[in-house]
Number of protein chains: 2
Amino acid sequence: MNSAEGAQRRKAEEARDRILNVAERLFASRGFAGVSVRDITAEADVNLAAVNYYFGSKAGLLKAVFLRRATALNRERMAELQAVVDAHPSGALPLPAVLRALLGPPVRWQFDPDRGLGVFIQFLARCQMEEEPELRALFYEDVEHLRRFIPALKRALPEMPEDEICWGLHFALGAMHHTFTHLPRLGPISQGRCHIGNRDEVIERMVEFATGGFEAARARITASAR
Amino acid sequence: MNSAEGAQRRKAEEARDRILNVAERLFASRGFAGVSVRDITAEADVNLAAVNYYFGSKAGLLKAVFLRRATALNRERMAELQAVVDAHPSGALPLPAVLRALLGPPVRWQFDPDRGLGVFIQFLARCQMEEEPELRALFYEDVEHLRRFIPALKRALPEMPEDEICWGLHFALGAMHHTFTHLPRLGPISQGRCHIGNRDEVIERMVEFATGGFEAARARITASAR
DNA sequence: CGATGTATGAAACAAAGGTTTGAAAATATG
DNA sequence: CATATTTTCAAACCTTTGTTTCATACATCG
């Protein structure tokens with residue numbers, strides 16, 4: 001089994017990956033309960049039993065779809081955040097740079113040319129609403145990494161209490177997720193009025209909006225403190 | 001049939017409303033596909049056939065849940081927006097007031113003491129992701145009313161192109177919806193660090209964040225125009 | 001009261017759901 | 001090549017699903 005994993009292993013991974021890719025896409029657009037195992041196996045062109053064979057159950061497949069990419073996204077965010085911290089060993093961090101580390105990686109994934117990572121981002125937005133208990137547990141663990149942004153934001157906004165920072169973080173993530181869930185059909189509101197532009201334009205637009213939101217809170221706080 | 005609609009009609013409406021209330025709550029937390037007609041009829045304490053009797057089908061029930069309150073929410077938003085316009089017949093509109101008309105009503109509903117309206121707001125957040133075609137159609141119609149905010153925002157931010165205003169509107173709505181979907185379990189990120197406070201505090205927080213976001217874009221535009 | 005239209009009830013239906021099974025096929029190992 | 005292991009397949013199983021049916025109870029009205 002050690003030498004030349006061979007065509008067996010390779011072909012298996014092909015089937016496994018086909019299932020994961022299809023499931024990711026279908027879960028993203030219809031939710032967990034809205035997709036049947038038969039939907040998945042039909043589109044992935046594998047036997048009905050394959051899902052249970054590889055992942056134990058439909059819920060196991062959901063977890064696998066999540067785990068396949070979640071850590072990679074976290075790592076990317078964290079690396080970018082660390083780069084900001086390293087570039088400013090002392091003193092205040094530049095707020096836009098911190099927010100870019102938060103919002104940039106998901107947007108870049110969303111705009112991934114071969115759409116593989118982009119689907120995952122929309123899958124993530126769906127996961128936030130799913131009730132499947134095991135997935136919720138994974139999600140909570142995963143969301144832990146976002147808390148590392150709080151100390152960084154504190155260094156960017158020294159005057160602001162943690163309380164306020166959490167709200168801002170919340171709003172910023174909301175603006176981002178909402179954009180992703182509506183990007184495909186952007187937009188019901190704007191009816192084409194809303195020029196999407198390229199990847200980096202979107203990132204900068206989001207960073208700008210979030211920065212402005214934080215700065216407004218900062219202004220209120222410093223004003224009332226004086 | 002005209003005089004004294006009587007106990008028959010009254011009792012019928014009781015059953016109908018019980019179904020609507022339970023369905024609203026269950027759809028809000030588990031989504032359309034995640035709830036069975038039996039789940040609903042059991043909790044509403046009515047016969048299984050009642051859903052088809054009153055609403056034709058499960059999908060019909062979904063539509064009914066939506067329609068029951070959607071127009072009322074729109075009216076509230078529109079009335080508040082109109083009040084802002086009336087108070088400033090000419091010249092620039094105050095941006096925070098416009099955003100308060102957008103964000104205030106949903107937040108007030110969310111904090112509705114008897115939770116009836118609050119559930120609907122979370123139901124709405126769910127609806128954005130549902131694929132049920134008839135509901136999508138209703139949703140698009142309904143979302144039309146939000147476009148009336150665009151001219152108002154233009155009057156609040158005369159320098160900004162419509163393009164930019166749509167993005168801001170998008171981000172603001174996202175921050176709001178995200179907050180609602182996470183309010184119950186607020187927060188996985190903040191772990192209790194995030195003080196919710198009362199209704200009006202939340203509104204002001206959101207309005208402040210959104211205002212800041214818009215102002216940041218305005219600042220960029222006026223700077224580059226000069 | 002008798003007739004009519006409405007609401008509820010229990011049961012049944014067919015379709016679709018997730019999962020299991022056991023044999024066949026394919027691949028790796030010695 | 002022979003054996004062991006992994007992967008595929010078709011079929012079946014049992015549960016749950018949305019919907020329908022038809023009989024019964026009920027209130028309303030002539």
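Please read all numbers here as calculations on a predicted model, not as lab measurements. Chain A is the first sequence line, chain B the second, and so forth, proteins listed ahead of strands; every chain is numbered from 1.
- In this entry the distance linking CZ of A:Arg30 with P of C:dA16 reads 14 Å, nearest Å.
- C:dG9 atom P lies 15 Å from atom CZ of B:Arg38, rounded to whole Å.
- When distances run from any side-chain atom of A:Leu48 to the nucleotides C:dT19, D:dT8, C:dG9, the shortest one goes to C:dT19.
- Taking atom CD1 of residue A:Ile19 and atom C1' of nucleotide D:dC9, one finds them 13 Å apart after rounding to whole Å.
- A centroid separation of less than 6.0 Å is found between the aromatic rings of B:His170 and A:His178.
- A salt bridge does not link B:Glu43 with B:Arg18: none of the charged nitrogens is closer than 4.0 Å to a carboxylate oxygen.
- Between the NZ atom of A:Lys58 and the C1' atom of C:dA16 there is a distance of 12 Å, given to the nearest Å.
- In this structure, A:Lys63 is not positioned above the aromatic face of A:Phe55 in the sense of NZ or CZ being under 6.0 Å from the six-membered ring centre and within 45° of the axis.
- Per the geometry, CD belonging to A:Glu14 stands 19 Å off P belonging to D:dT6, to the nearest Å.
- A straight line from OH of B:Tyr53 to C1' of D:dT19 spans 16 Å, rounded to a whole angstrom.
- For B:Ala49, counting side-chain heavy atoms from C-beta on, the closest listed nucleotide (C:dT19, D:dA10, D:dT20) is D:dT20.
- Distances from the side chain of B:Ala15 to the nucleotides C:dT8, C:dT19, D:dT19 place C:dT8 closest.
- Considering only the side chain of A:Asn52, C:dT20 comes nearest among C:dT20, D:dT19, D:dT8.
- Using a 4.0 Å cut-off between charged nitrogen and carboxylate oxygen, B:Arg108 and B:Glu80 count as a salt-bridge pair.
- Toward the 5' end of DNA chain D, the nearer of the two residues A:Val46 and B:Asn47, judged by each one's closest nucleotide, is A:Val46.
- To the nearest angstrom, P of D:dT17 lies 17 Å from CG of A:Asp39.
- In terms of phosphate contacts, B:Ser36 brings no side-chain nitrogen or oxygen within less than 4.0 Å of OP1 or OP2 of D:dT16.
- Salt bridge status for A:Glu208 with A:Arg205: absent, with no side-chain N to carboxylate O gap under 4.0 Å.
- Here D:dT16 presents its P atom at 17 Å from CD1 of B:Ile40, a figure rounded to the nearest Å.
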